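Reminder, nothing fancy here: chain letters follow the sequence lines and each chain counts from 1. Given the structure is predicted, the values throughout are model-derived calculations rather than measurements.
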Amino acid sequence: GAVVSQHPSRVICKSGTSVKIECRSLDFQATTMFWYRQFPKQSLMLMATSNEGSKATYEQGVEKDKFLINHASLTLSTLTVTSAHPEDSSFYICSARDLGQGALETQYFGPGTRLLVL
Amino acid sequence: SQQGEEDPQALSIQEGENATMNCSYKTSINNLQWYRQNSGRGLVHLILIRSNEREKHSGRLRVTLDTSKKSSSLLITASRAADTASYFCATTPGANSKLTFGKGITLSVRP
């Protein structure tokens with residue numbers, strides 16, 4: 001089946017530093033990837049839609065200058081949390097649609113990245 | 001904003017019992033999907049039901065959809081301790097639209 005990986009799985013950083021999270025589709029191509037954020041015991045909130053070769057589309061209330069998204073290839077999207085602060089600590093999950101599948105509705109999720117900003 | 005609302009928010013059952021979880025949504029949809037999330041992990045896609053379908057089965061899972069009531073249910077039969085997880089419904093208004101998740105249900109299956 002379709003596999004999506006994320007790296008790193010867990011990261012601890014100091015306040016003010018930037019952190020990059022990678023999302024890769026391992027066995028399929030994805031023109032569209034999604035970035036979600038999840039606080040403890042809460043649901044997933046979509047942050048942005050990442051489109052290969054074009055600018056990401058951010059959801060209302062998400063700062064595009066703080067959460068930089070780059071989708072340089074059909075198998076890789078990156079999310080960079082710039083000048084991270086403790087309130088950015090969260091679980092970040094990416095997902096991808098399989099370009100080759102007829103069922104474009106199905107998204108495949110990565111295992112998530114736990115970010116802790118001290 | 002969140003589209004789906006699951007109930008109950010938490011469910012605790014004995015192994016072997018059936019678990020029924022419900023999801024209601026607000027706007028018209030193209031399809032509704034159920035996902036499972038184990039603690040601290042990513043989401044696993046369980047089943048997708050389209051707006052023109054009423055019921056779908058996959059192994060021990062049975063999903064129903066009532067578009068007139070804007071609701072769906074997920075039934076897990078003969079539950080196992082390994083089914084312990086959070087379950088989310090998610091909807092899309094169009095075929096290529098983004099997913100909107102409900103708040104989730106925490107299922108605990110006691111061995």
- Does Met47(A) share a hydrophobic cluster with Ile21(A), counting links as ILVMFWY side-chain heavy atoms below 4.5 Å and allowing steps through other members? yes
- Rounded to the nearest 0.5 Å, the NZ atom of Lys98(B) sits from the CZ atom of Arg97(A) at a distance of 11.0 Å
- Enumerate by number any residue of residues 38-46 of chain B whose heavy atoms lie under 4.5 Å from heavy atoms of chain A; in the absence of such residues, state 'none'. Gly40(B), Arg41(B), Gly42(B), Leu43(B), His45(B)
- Query: Hey, is the main chain of Gly104(B) close enough, under 3.5 Å, to the side chain of Ser43(A) for a donor-acceptor pair?
  - Reply: no
- Heavy-atom check, side chain of Gln42(A) versus side chain of Phe101(B), under 4.5 Å: no
- Task: Go through Gln107(A) and Gln33(B) one step at a time and tell me if the side chain to side chain donor-acceptor pair (under 3.5 Å) criterion holds.
- Result: CA-CA 10 Å; Gln107(A) 291 184 25; Gln33(B) 303 179 49; over 6 Å; no
- Query: Roughly how far apart are Gln37(B) CD and Leu44(A) CG, rounded to 0.5 Å?
  - Reply: 6.0 Å
- Message: When you compare the side chain of Tyr36(A) with that of Leu99(B), does any pair of heavy atoms fall below 4.5 Å?
- Response: yes
- Query: Are Leu32(B) and Leu61(B) joined in one hydrophobic group, where the rule is that I, L, V, M, F, W and Y side chains link up if heavy atoms are under 4.5 Å apart?
  - Reply: yes
- Message: If the contact rule is any heavy atom under 4.5 Å from chain B, which residues of residues 110-118 of chain A qualify, in numerical order?
- Response: Gly110(A), Pro111(A), Arg114(A)
- Message: Would you say Ile93(A) ends up clustered with Phe67(A) if hydrophobic residues are merged whenever their side chains have heavy atoms under 4.5 Å apart, either directly or through other cluster members?
- Response: no
- Item | Single-linkage hydrophobic cluster Tyr58(A)~Val81(A), side-chain heavy atoms < 4.5 angstrom | yes
- Item | Joint hydrophobic cluster, Tyr87(B) plus Leu11(B), side-chain heavy atoms closer than 4.5 Å | yes
- Is atom NZ of Lys55(A) surrounded by more than 12 heavy atoms (other residues, nucleotides or ligands) closer than 6.0 Å? no
- Message: Is Gln60(A) in contact with chain B via its backbone, its side chain, both, or neither, using a 4.5 Å heavy-atom distance?
- Response: neither
- Query: With a 4.5 Å heavy-atom cut-off, do Met45(A) and Thr100(B) have their side chains touching?
  - Reply: no
- Query: Tell me, side chain or backbone of Gln6(A) under 4.5 Å from chain B's heavy atoms, or both, or neither?
  - Reply: neither
